[in-house]
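Treat the numbers as computed from the prediction; the structure is a model and nothing was measured. Reminder, nothing fancy here: chain letters follow the sequence lines and each chain counts from 1. No hydrogens, no waters, no symmetry mates; every other heavy atom, side chains included, goes into these values.
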Amino acid sequence: MARSVLLRHLGLAVLGLVVVVLVLESTSAFRNAQFATMAYLGIAAGGLTVLTGLNGQLSLGHGALMAIGAYTTALLLQDQQLPLVAVLLVASAVTTLIGAVIGVAAARLHGPYIAGATLALAVAVPGVALYFNDQLGGEQGLNVFVPDVPGWFADAVYFLSAQDVSGSKYVAYVGWLSLIVTFVLLANLSRSRVGRTWRAVRDDEVAAEIAGIPLGRARVLAFVVSAACAGLGGAVMALTVRITAPSGFTLTLSLSLLTAVVLGGLGSLTGALLGAALLTFLPQLVTSLGLDVGLSDLQSAQLAPLVYGLTLALVILLAPAGIVGSVRARWRRQQERATHDYDLPTTTAPPSPARTPGDEPGGDK
Amino acid sequence: MTRTWTTRAAMAVCVLTAGSLAAACGAGGRPDKDEKGGSASDVGITEDTVTVGAHHPLTGVAAPGYSEIPDGARAYFDFVNANGGVDGRKIEYLVRDDGYNPTNTSQVTNELVLKEEIFAMVGGLGTPTHSAVVDFLNKEGVPDLFVSSGSLQWGDDPGAKPFTFGWQPDYEIEGKIAGQWIAENMPDAKVGLFLQDDDLGVDSEKGVRRFLDDQIVAVEKYTSGNTDVAPQIAALQAAGADVVMGFNTPSYTALSQLVALKLNYEPKWFYSSIGSDPALVGSLLARFSEGAVKDSASLLDGVMSTEYIPGVDVPDNPWVQLWQRVWDEHGKEGELTNYRIYGMSHAYAFVQTLQAAGPDPTREGIVDALEQIGSDLEGPPLAPFRYTEDSHLGISGLQLVELKGGVGEELTPVLVTDLGDAPIEEDDSATEDAPPEDGIPDVKPVG
């Protein structure tokens, strides 16, 4: 069974890779840049959805963790010594380390108190960048030197599509490759023993403890994994945005990630991806739509957060389990009804066990 | 169930992979010669349009005041378009909101350059925001004209940023000119500096220290976004500063004035030009004090500042009369303000530059044109531009004024200088520039 899950996830990853190549090669440079944005939001939201959806810890500080990844990347890329892969790995490793420290503190807290502690993190981290003005560039931040596209990579893409790789396309590829790797790891993790212990801790602490699960360790581990994702997301963000400045990592970023996760459906990686897509594309689409129907620049700019807010409100009202969660729940109900009808003449079907929507990460159904 | 699913996925992967490989068969290897496609130099230009773009904070903390700049620029471009455009082309001006967040600036600039395919960026606003995109614009070869920020980095190294041009007097020369005046006229003053903690503070402190190094008793910095400046102002008071020079944004002029009122601290104030617009500071004062400060214009009486373009306080100036006409004909609701004039002024300079680039402007061509004739352009600025091959810095000088009832009274003639130890000299050559009769410049193409 375990092997087939792994196979399935790897199969999906290859499928995803093919889709990424097809999409990136057939869209414009501007869309490529947007896909890069979607990738870094997706990576961070994926980590957050595992933490909040599977382990029940609410973090308002993931924007700050992204900042740590982004600043690490910016610093490492300044002397251009390390290959990009190593930079991404170091960035997520550093964030993991800091995430572990925070996780230890957070594991002692519950519900709103974790939110409060991580909120403090979100507020404090941009201040650190200001305090270490000389090393971290203060208010103006650090410019990120995006490495040139490696020759072999450009040649490989050219071989496939006869198109040259622009800087923004390269970053989009880096982002999506990172996203696929992250999602495969997260999906596997959440289907494994570790994922089951996380869910057990989320659903009933007492029962989990009686079953022999160390609550603290499970919580810290979830936080660490989630922080690693946020760090990687931040690293890709630095490459995409080309600057890391405190004003890019305000509380708004952390809250946006949370809205992405809620929109898509807590605990679902597909949902995280969907939320990241909405976060990336919706404001720009709404703004250009506003401009097309003749609104002024200011009105169109104000329209974007309005529509996003309305979407969020509607999703919460109509699909409280998030878009993916609700669609999945409905699909499951229909399946059950079909089975039920079919079974009825011969035997009484046992009541299906109640399942929380969004129980299945990975979007792998 | 799982197995059939796996099989199906595997099938799909095979089919898609095969398909994409087949589709790619035409490529395989690179052609021997690296062909350059159609010259990218005419992106954004058609027979009857020129598309330019800008990023501005239309929403968020930096929006008050600054969001009026693109209104002004748009009004002037509409005015030019209504009178036939430039070489028969209408100027299409696209503005995107970045909320003063560099992440957003990067996204909207991608949109402007890659999707809307603008010919040039005109007047993109903000130091941290524009830093996020300046390398990208130069890499893509997009002319990046008249950045709305006084940071040195837009013009002091044209080799590294060949497509970027500054606009307003940089913070260093503003600091030099103000510093020299105080050194000469208040030699016994104890000077305190109130600085924004970024290029604005760093560059201007460099300029001020050139003349006031011995007189400075305290340097206090604030971080944009943190609205509590009481500790800084109290420290200046404790150090006994009787002249405070603020290089800060308008919100912090209002905040520092309110704190000083509370502390009963009454030094002689100087605020840099970007932080001293009386109308905006007045409205901010009223808002921050929740109505307690009403007669705000008089609160700024006696405050020193600088001016480098004529503003609404001199309604008889021919340039201001032109801007009033433009605003009446093509503006939106609201009055003409200094920020709208700022936008119109750089729009005017863009029209001049476009004319200089000739009937078939190219991206390189417009940069060359600006380097050649930039320092001779006659326009609203009180001092000439410094554009040459070696410098892309903007306006070369300014004059010191003292505010009285919201009007700036001249303390000095127009003083011009440059970075480093360049001397400060009087230069009124540009103050007599008058606008053309029809309000549209007529610059001859270069070369």
Side-chain angles (χ1 to χ4, degrees), chain A residues 1 4-5 7-8 11-12 14-15 18-19 21-22 25 28-34 37 126-127 130 133 138-141 143 145-146 155 158-163 167-168 237 240-250 252-253 280 284 287-288 291 296-298 300-302 304-305 365, chain B residues 2-3 5-6 9-10 12-13 16-17 19-21 23-24 26-30 56 58-59 63 67 70-71 74 94-97 99-108 110-111 113-116 127-129 131-136 139-140 151 196-199 202 223-226 332:
Chain A
M1 180 66 191
S4 78
V5 168
L7 270 183
R8 197 173 66 180
L12 268 172
V14 175
L15 186 67
V18 173
V19 172
V21 173
L22 287 179
E25 291 304 322
S28 66
F30 167 61
R31 293 288 169 210
N32 283 343
Q34 280 194 315
T37 304
L130 296 176
N133 200 347
E139 181 66 30
Q140 271 165 239
N143 282 309
F145 302 97
V146 181
D155 288 341
Y158 195 88
F159 182 82
L160 280 174
S161 70
Q163 291 187 54
S168 61
M237 177 177 177
T240 311
V241 182
R242 298 177 294 257
I243 195 169
T244 53
S247 44
F249 298 97
T250 51
T252 321
L253 178 64
T280 311
Q284 189 260 329
T287 306
S288 16
L291 288 170
S296 75
D297 299 319
L298 177 60
S300 327
Q302 287 168 336
K365 281 272 160 162
Chain B
T2 315
R3 181 141 315 155
W5 203 97
T6 319
V13 171
L16 278 172
T17 315
S20 58
L21 275 175
R30 282 166 189 282
H56 286 279
L58 304 181
T59 60
S67 66
D71 289 353
R74 181 182 302 284
L94 307 174
V95 177
R96 290 291 181 273
D97 175 37
Y100 212 67
N101 172 345
T103 313
N104 295 346
T105 313
S106 165
Q107 282 169 12
V108 297
N110 281 336
E111 184 182 350
V113 172
L114 301 174
K115 179 156 171 268
E116 305 292 350
T127 304
T129 45
S131 311
V133 296
V134 65
D135 289 338
F136 170 69
K139 210 167 171 182
E140 296 279 323
S151 172
Q196 178 158 307
D197 200 1
D198 62 9
D199 275 3
V202 174
T223 304
S224 189
N226 181 354
K332 298 192 295 186

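In this structure, the portion of N133(A) lying under 4.5 Å from any heavy atom of chain B is its side chain and not its backbone. Only the side chain of T37(A) comes within contact range of chain B, with at least one heavy atom under 4.5 Å from a heavy atom of that chain. Neither the backbone nor the side chain of T252(A) comes within less than 4.5 Å of any heavy atom in chain B. For D71(B), no part lies near chain A; criterion is any non-hydrogen pair under 4.5 Å. Only the side chain of L291(A) comes within less than 4.5 Å of a heavy atom in chain B; its backbone stays farther off. Of the two parts of D297(A), the backbone and the side chain both hold a non-hydrogen atom closer than 4.5 Å to a non-hydrogen atom of chain B. Contacts of S131(B) with chain A are made by both backbone and side-chain atoms, with heavy-atom separations under 4.5 Å.
Minimum interatomic distance between I243(A) and P102(B) (heavy atoms only, all atoms of both residues): CG2-CB, 3.7 Å. Shown here for Q107(B) and F30(A), the closest heavy-atom pair between the two residues is O-CE1, 4.3 Å.
The candidate with the highest count of non-hydrogen atom pairs below 4.5 Å against chain B, out of R242(A), E25(A), Q284(A), is R242(A). Residue with the most contacts toward chain A among T127(B), T59(B), D199(B): D199(B) (heavy-atom pairs, distance under 4.5 Å). Considering only heavy-atom pairs separated by less than 4.5 Å from chain A, the leading option among T223(B), D135(B), L94(B), V113(B) is T223(B). The candidate from T105(B), N104(B), N101(B), D97(B) with the greatest count of non-hydrogen atom pairs under 4.5 Å with chain A is N101(B).
Between the CG atom in N110(B) and the CD atom in Q34(A) there is a gap of 8.5 Å [rounded to 0.5 Å]. Expressed to the nearest 0.5 Å, how far OG of S288(A) lies from CD of E116(B) amounts to 7.5 Å.
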